[in-house]
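Bear in mind that the values here come from a model prediction, so they are computed numbers and not experimental data.
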Amino acid sequence: MKKTPIVVGIIIGIVVIIAGYCISQYNKAISLNEAVKAQWAQVETQLKRRFDLIPNLVETVKGYAAYEKGVFESLANARKSYFSAQTINDKAKAAGDFEGAISRLLMLQERYPELKANESFLKLQDSLEGTENRISVERKRYNDAVRALNSYVKSFLGRFFANWANVKEAEYFDIPEAEKAVPQVKFN
């Protein structure tokens, strides 16, 4: 007769432990998903900083390099592509295009020695370099967050809890191989 309360207590204890485990795994899926979103927001913040900085740099360079129109057009087109992109992959591609255009823009300084010595250009160039470093760090952090989420979503029990929490795998911030090449600027 005294065994019944003990058995009921054990069953309740097991149910409580299982429920606690399920809740913690559900919360883990949500937490990993939110970490990916937060890291992507950081990447976008740095990219926005870059996009805000570039027009000033372009205006400074324009004064010296009035006929290098192609560089300015590619910057404008890449910027427009980034802000109209809907997916992370499209944004990553547009960011890669923009990086190529920035490299070409910065290489213009070699052609114009006066530009190299211009104080405002040097300040903008330093700011741009700092922004590029921040973007690189935030991209790495974002990809680390995606790796943690995707590992969890693909794991044996993680898949179940991720589906329960309606959490899906995230996309890595990856620049296509063709866009990783350093752009070549040739002056005639």
Side-chain angles (χ1 to χ4, degrees), residues 31-150 169-188:
S31 175
L32 290 171
N33 194 40
E34 289 302 314
V36 168
K37 289 178 183 174
Q39 285 302 317
W40 177 248
Q42 285 299 106
V43 170
E44 285 201 308
T45 298
Q46 295 305 322
L47 289 174
K48 175 79 169 79
R49 177 185 158 94
R50 176 206 282 165
F51 287 122
D52 291 346
L53 184 64
I54 289 300
N56 294 330
L57 189 61
V58 166
E59 289 303 316
T60 303
V61 175
K62 270 184 179 176
Y64 291 93
Y67 66 91
E68 300 293 348
K69 195 174 177 183
V71 174
F72 306 126
E73 287 175 356
S74 62
L75 279 168
N77 290 337
R79 188 173 193 265
K80 185 178 174 184
S81 295
Y82 179 80
F83 286 112
S84 65
Q86 297 298 314
T87 67
I88 289 175
N89 280 343
D90 290 343
K91 286 189 176 200
K93 182 184 178 323
D97 292 344
F98 198 75
E99 286 175 17
I102 289 172
S103 296
R104 291 175 45 213
L105 175 68
L106 293 177
M107 291 179 78
L108 285 177
Q109 69 175 324
E110 299 300 325
R111 183 167 176 136
Y112 302 97
E114 308 87 32
L115 177 62
K116 251 174 140 173
N118 184 298
E119 187 177 328
S120 61
F121 177 78
L122 294 175
K123 284 181 182 175
L124 289 167
Q125 189 179 19
D126 286 345
S127 296
L128 184 60
E129 184 178 316
T131 301
E132 292 301 316
N133 290 336
R134 288 187 192 116
I135 290 169
S136 177
V137 168
E138 295 304 335
R139 279 182 183 161
K140 182 193 175 308
R141 289 179 180 162
Y142 170 77
N143 283 337
D144 288 346
V146 168
R147 182 181 43 75
L149 173 67
N150 289 349
E169 287 183 49
E171 296 176 34
Y172 284 99
F173 191 110
D174 192 24
I175 296 173
E177 200 61 41
E179 295 173 19
K180 291 180 182 175
V182 176
Q184 299 293 318
V185 176
K186 294 180 181 176
F187 297 107
N188 296 325

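- R50 and E44 are not joined by a salt bridge, as no carboxylate oxygen comes within less than 4.0 angstrom of a charged side-chain nitrogen.
- Annotation: the span from Q46 atom CD to L53 atom CG amounts to 11.0 Å, rounded to 0.5 Å.
- In terms of modelled atom types and a separation under 3.5 Å, the side chain of Q86 and the main chain of S84 share a donor-acceptor contact.
- N33 places a side-chain heavy atom less than 4.5 Å from the side chain of K37.
- With respect to the salt-bridge test (charged N to carboxylate O, under 4.0 angstrom), the residues R139 and E99 qualify.
- With sequence neighbours left out, the salt bridge (Lys or Arg N to Asp or Glu O under 4.0 Å) criterion links R134 to no other residue.
- For the residue pair T87 and D90, a side-chain donor N or O sits within less than 3.5 Å of a side-chain acceptor on the partner.
- Within the structure, every pair that satisfies the ring-ring contact (aromatic ring centres under 6.0 Å, His included) test and touches residues 34-54, not counting sequence neighbours, is listed here: W40-Y142, W40-F173, F51-Y82, F51-F83, F51-F98.
- Of all the heavy atoms in A170 and L149, the pair that sits closest is CB-CD2, 4.0 Å.
- Of the inter-residue distances, the one linking S81 atom OG with K93 atom NZ reads 7.0 Å to the nearest 0.5 angstrom.
- Looking at N143 and R147, their side chains never come closer than 4.5 Å, going by heavy atoms from C-beta outward.
- At distances below 3.5 Å, at least one donor-acceptor pair connects side-chain atoms of T45 with backbone N or O atoms of A41.
- Rounded to the nearest 0.5 Å, atoms CD (Q39) and CD (Q42) are 6.5 Å apart.
- Considering only heavy atoms from C-beta on, L32 stays 4.5 Å or farther from V36 through its side chain.
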